[in-house]
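For the numbers below, each heavy atom of this structure counts, side chains included, while hydrogens, waters and symmetry mates do not.
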Amino acid sequence: MEAVMIRYGEIFLKSETVKRRFISIMTENIRLALEAKGLSHRIETPRGRILIFGDEPRRIAAAVAGTFGVVSASVCTMTSSDIDTIAAVAVEHAGRHLRPGMSFAVRARRSGVEGFNSQELAAAVGSAILDRVPEATVDLSTPDYEVFVEAREFGGLVYDERLKGPGGLPYGTQGEVMALLSEGIDSPVASWLMMRRGCRVVHVHMHGGRFGGADGEETVLRHHARLSAWVPGHPLDLLVVDMEPFFEVIIALKEPRYRCILCKRFMLRVAGILAEERGAYALVNGDNLGQVASQTLANMAVIAPAASVPVLRPLIGFDKEEIVERARAIGTFEARAGSTGCTVAPRYPSTAAPAATIVDIEEKIGAKDLAARAAGTVRVYRAKNGEIA
């Protein structure tokens, strides 16, 4: 019999109560992912593993390998837990891949089974493989082929492939955050990283209207839809806020160099109002220390107090190349996103805006009232399974 085995990482370190809750949430997320693909299945959760049975194990493994909390997935052959049977099945696996002159390694584990230990299991399997392919050699460091065997109280497992998962924590275990989503590269990655840490996400986009690029909202909707594919079965909301009235006010100011700081504070102020309305615990943005003028340490210190809830910055220490690489991996990178620029940004923005000056300007333009009005302009888009509903 074949089954798909799911491995999880740091969940195993939690207390028993927390572990059970996290595994329950992850198996529900796995169920939703498989239902989204139309794959029939049955899930069992023996200690330390999640096993999935179904008619299409390879499609099941591919579908669940993208689930947050999953470290890896393997299609396994299930056997009885005695050494001879496990060794015989491992020889069958090795025979399909191992050729004379190649090196191999056996990775063995034992839990809840008496009569032998992991080293004895590995030795027995290795010896049986050498009987089958005597010209092969053992190399435990950099083998050409690896076969994994496990003897557990519920039976034996043999496999030789691993599909890498995203790891992290199961989606939905850490409460809700509101992530600012823009047309750029950084903010979708920041949102994905918080999803990976178990946070339910609501996206909010500050739409520039005639002051933004013609392709801005369409690009954001693509980001939003793509991110929803990482949490199949879960609806993902995008709140679009009209920023045009605020931009009309700040372009009339005599000090254009402060526009970006005022804009960032305004965005946090509006997002904070929406977060409090929804009960979200924090805001998330794509700030990356020193990347642009508004992301200097001095300016971030001035911007942050405008938020009424904590601001999380998962990209703060990343290099730009790391962010681009992650954006490519998660599917949100666009080499040509079209017209997405902001026409309000000044040519020479301040890199260290005085806090008192910014607060004074905000009082003069009535930033709090503008923010309250902007929060009332929300349009909602819902995505599910990679598509805008």
Side-chain angles (χ1 to χ4, degrees), residues 1-12 19-98 104-116 118 121-122 124-125 128-129 145-168 170-171 232-233:
M1 178 187 296
E2 285 190 323
V4 176
M5 181 174 66
I6 302 300
R7 297 170 202 81
Y8 46 85
E10 62 185 281
I11 297 174
F12 195 75
K19 188 191 307 180
R20 283 195 297 270
R21 183 171 70 86
F22 278 27
I23 291 173
S24 175
I25 291 172
M26 187 160 72
T27 54
E28 174 63 12
N29 291 341
I30 288 171
R31 183 187 67 79
L32 291 171
L34 295 176
E35 285 186 352
K37 295 288 186 180
L39 293 168
S40 60
H41 62 279
R42 174 172 57 86
I43 300 175
E44 295 182 5
T45 56
R47 182 174 176 80
R49 293 288 186 266
I50 296 173
L51 297 176
I52 309 172
F53 301 88
D55 295 333
E56 300 180 79
R58 275 157 183 78
R59 286 189 64 202
I60 289 173
V64 302
T67 303
F68 294 118
V70 172
V71 172
S72 63
S74 295
V75 178
C76 306
T77 301
M78 296 199 69
T79 76
S80 60
S81 57
D82 63 279
I83 283 186
D84 291 341
T85 304
I86 292 173
V89 173
V91 167
E92 291 178 10
H93 278 255
R96 292 193 287 268
H97 302 279
L98 195 59
F104 75 97
V106 178
R107 313 297 188 192
R109 288 186 140 187
R110 178 198 63 87
S111 176
V113 178
E114 301 296 331
F116 56 89
S118 298
L121 175 60
V125 172
I129 291 174
Y145 171 74
E146 288 181 297
V147 61
F148 300 84
V149 296
E150 299 190 14
R152 295 181 173 271
E153 62 273 12
F154 57 83
L157 298 168
V158 181
Y159 53 97
D160 54 16
E161 293 180 334
R162 291 189 179 200
L163 293 178
K164 186 177 180 181
Y171 184 74

query = So, for Gly9 and Val71, which heavy atoms are closest and what is the spacing to 0.1 Å?
reply = N-CG2, 3.2 Å
task = With the side chain counted from C-beta on, respond yes when Phe68 and Val70 share a heavy-atom pair under 4.5 Å apart, and no when they do not.
result = no
message = Testing the 3.5 Å rule here: is there a donor-acceptor pair between the side chains of Ser72 and Arg7?
response = yes
query = Ser74 side chain to Glu161 main-chain N or O, any donor-acceptor pair under 3.5 Å?
reply = yes
inquiry  = Would you say that Tyr159 contacts Thr77 through its side chain, given a criterion of any heavy-atom pair below 4.5 Å between the two side chains?
reply    = no
note = Shortest non-hydrogen pair, Ile6 vs Ala73, comes out as CD1-CB, 3.7 Å
ask   = Quick check: are there more than 12 heavy atoms from other residues, nucleotides or ligands sitting under 6.0 Å from CD of Glu35?
value = yes
remark   = Between the CZ atom in Arg31 and the CD1 atom in Ile43, the distance rounded to the nearest 0.5 Å is 8.0 Å
query = What's the spacing between Tyr171 OH and Leu32 CG if we round to 0.5 Å?
reply = 11.5 Å
note = To the nearest 0.5 Å, atom CD1 of Ile129 lies from atom CD of Glu92 at 11.5 Å
message = With rounding to the nearest 0.5 angstrom, report the CD to CZ distance, Glu146 to Arg162.
response = 8.0 Å
message = Check whether Phe148 forms a cation-pi arrangement with Arg107 (NZ or CZ under 6.0 Å from the six-membered ring centre, at most 45° off the ring normal).
response = no
ask   = Roughly how far, to the nearest 0.5 Å, is the CZ atom of Phe53 from the CE atom of Met1?
value = 6.0 Å
note = When every non-hydrogen atom of Val147 is compared with those of Asp160, the smallest separation belongs to CA-CB, 4.3 Å
request  = Flag the pair Ile50 / Met5 as yes when at least one side-chain heavy-atom distance between them is below 4.5 Å, and no otherwise.
outcome  = no
task = Could you walk me through whether Ile86 and Val158 pass side chain to side chain contact (heavy atoms under 4.5 Å, CB included), step by step?
result = CA-CA 7 Å; Ile86 292 173; Val158 181; 4.1 Å; yes
key: Interatomic distance, Leu121 atom CG to Ser81 atom OG [nearest 0.5 angstrom]   = 10.0 Å
query = Is any side-chain heavy atom of Arg109 closer than 4.5 Å to a side-chain heavy atom of Arg152?
reply = yes
inquiry  = A side-chain contact here means heavy atoms from C-beta on lying under 4.5 Å apart; do Ile25 and Thr27 qualify?
reply    = no
remark   = From the list Thr67, Val64, Leu34, side chain to side chain contact (heavy atoms under 4.5 Å, CB included) with Asn29 holds only for Thr67
Closest contact, heavy atoms only, Ser40 versus Asp55 = OG-OD2, 4.2 Å
inquiry  = I'd like to know if the side chain of Arg110 and the backbone of Val113 have a donor-acceptor N/O pair within less than 3.5 Å.
reply    = yes
query = In this structure, are over 12 heavy atoms from other groups packed under 6.0 Å from Lys19 atom NZ?
reply = yes
ask   = Which atoms form the tightest heavy-atom contact between Ile60 and Gly54, and what is the distance?
value = CD1-CA, 3.8 Å
ask   = If only atom types and distance count, is the side chain of His41 paired as donor or acceptor with the main-chain N or O of Leu39 below 3.5 Å?
value = yes
ask   = Does Phe154 reach the side chain of Leu51, with side-chain heavy atoms less than 4.5 Å apart?
value = yes
Student check: side-chain heavy atoms of Ile52 and Arg42 closer than 4.5 Å = no
task = Inspect the contact between Arg49 and Glu44 and indicate whether a charged nitrogen and a carboxylate oxygen are less than 4.0 angstrom apart.
result = no
ask   = How close do Ala90 and Val125 get, heavy atom to heavy atom, and via which atoms?
value = CB-CG1, 3.5 Å
